[in-house]
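So the structure is just underneath, and the comments pick up after that.
Counting convention: from 1, in listed order, for ligands and their atoms alike. None of these values were measured; they are calculated from a predicted model.
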Amino acid sequence: MSAHHSDYSSHDFGANPLMFYYEVTLACDLACKHCRASAQELPAPGELSTEQAKSLIDQIAAFPRKPSLVFTGGDPLKRPDLCELIRHAVAAGLSMALTPSDTPLATFEAFEQVHQAGIRRLGISLDGVDAATHDAFRGVSGSFDRTMQMLDYARRLHLGVQVNTTITRRNVAQIDALADLLRSQQIAMWSVFFLVPVGRGIEEERIQPEEYETVFERLWHHARHQPYAVKTTEAPHYRRFVLERGGNPLAGPEDSAAPHSHRAPLGVWDGRGIMFVSHIGEIYPAGFLPVCCGRFPQDSVIDAYQKHPVFLALRDPDRFKGRCGICEYRYVCGGSRARAYAVTGDYLEAEPDCVYIPKKGRAVISNMDL
Ligand code: SF4
């Protein structure tokens, strides 16, 4: 979910996350193949209570600059006190988004209630252009139709929508068809997520590094021609791809009135503009980077973000290893720290799925040739 802070700059990274993801529950009635959380039907033991969740919200609101707060899951609609927490966050001055799962809980009435409580944006997952692809992904038949219905509810309520799509071998050939399907949905943003092999996602085959470049080419085309903005998640090398072609990775469509001032600045990544707290209060640099940096309420999320050595290391691209550490794009791209961790066990390692050879690396190779 992208932020609305157009004036947030790299100077703010050290003190404030731009996006704060709080996994309000692990409970979810779906069993998606690529689920980061490996969600389950019932709430997990140790889930933060209503009072604990409220005090977490208060702490989030106490960052020098208030981040945008995203309630994620599991399925946030499984949490009975959801609207109470939303109202609390709004009263604390936070801008709020929600990522509901496509289950029978996602009714028009439920959307109306969260809207009235103060939600302004929804993140809705669409993982295939048709029921066969999408339902197979999400492990439930009827899921595609329900997702289309959720998009319709959101439109009727004038809720901003970001559609999230996870790219894997199963749907990589559907990029253009997905982009065209979304054209009619009046969405604000298409966020294209590239698989990080954690949680259930480990079962699913991710695309080859060379294929990213082909997908980036199509995304860059759609970013310029569709009425919604396009961004990648856990594939920051899309920024490098666009910059190499003289483009602006933050540019929106040319021919629409869609708001684009909500784009995050370049150089935001896990631990640097992004932070995550799990359903039991574990503090991570991101949901896809499960390196525990403390536990709320014993530990302060503000201290963890500003001072924890893992966060500090993630914010220093000069400490990155391999190609990312010498790459001229490391301050705007940096590679997916989550994928580096999932694949190598070291979050400072090079992005495993980038084919780019940095200029410095080229010099080394040509010296070796001599
Ligand atoms: S080598 Fe690393 S920093 Fe450079 S473009 Fe690739 S992922 Fe980004």
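- Distances shorter than 4.0 angstrom do not occur between any heavy atom of A350 and any atom of ligand 1.
- Taking a cut-off of under 4.0 Å to the non-hydrogen atoms of E351, the atoms of ligand 1 that pass are 7 (S).
- Taking backbone and side chain together, C354 holds an N, O or S atom under 2.8 Å from atom 6 (Fe) of ligand 1.
- Among all protein heavy atoms, the one lying closest to atom 2 (Fe) of ligand 1 is C324 SG, 2.4 Å.
- Between E351 and R330 no salt bridge is recorded (no basic side-chain N to carboxylate O distance below 4.0 Å).
- The ring of F20 has its center no closer than 6.0 angstrom to the ring center of Y305.
- Distances below 4.0 Å separate heavy atoms of R240 from the following atoms of ligand 1: 5 (S).
- When distances to atom 8 (Fe) of ligand 1 are checked against a cut-off of 2.8 Å, C333 contributes an N, O or S atom below that limit.
- A salt bridge links R156 and D152; the closest N-O separation between the charged side-chain nitrogens and carboxylate oxygens is under 4.0 Å.
- A salt bridge between R337 and D270 is absent, with no side-chain N of the basic residue lying under 4.0 Å from a carboxylate O of the acidic one.
- Within the 4.5 Å cutoff, no side-chain heavy atoms of I187 are placed close to those of I124.
- Outside the 6.0 Å centre-distance limit, the rings of Y212 and Y356 are not counted as a close aromatic pair.
- Atoms of ligand 1 lying under 4.0 Å from at least one heavy atom of G335, given by number and element, are 7 (S), 8 (Fe).
- For atom 4 (Fe) of ligand 1, the nearest non-hydrogen atom of the protein is C327 SG, 2.4 Å.
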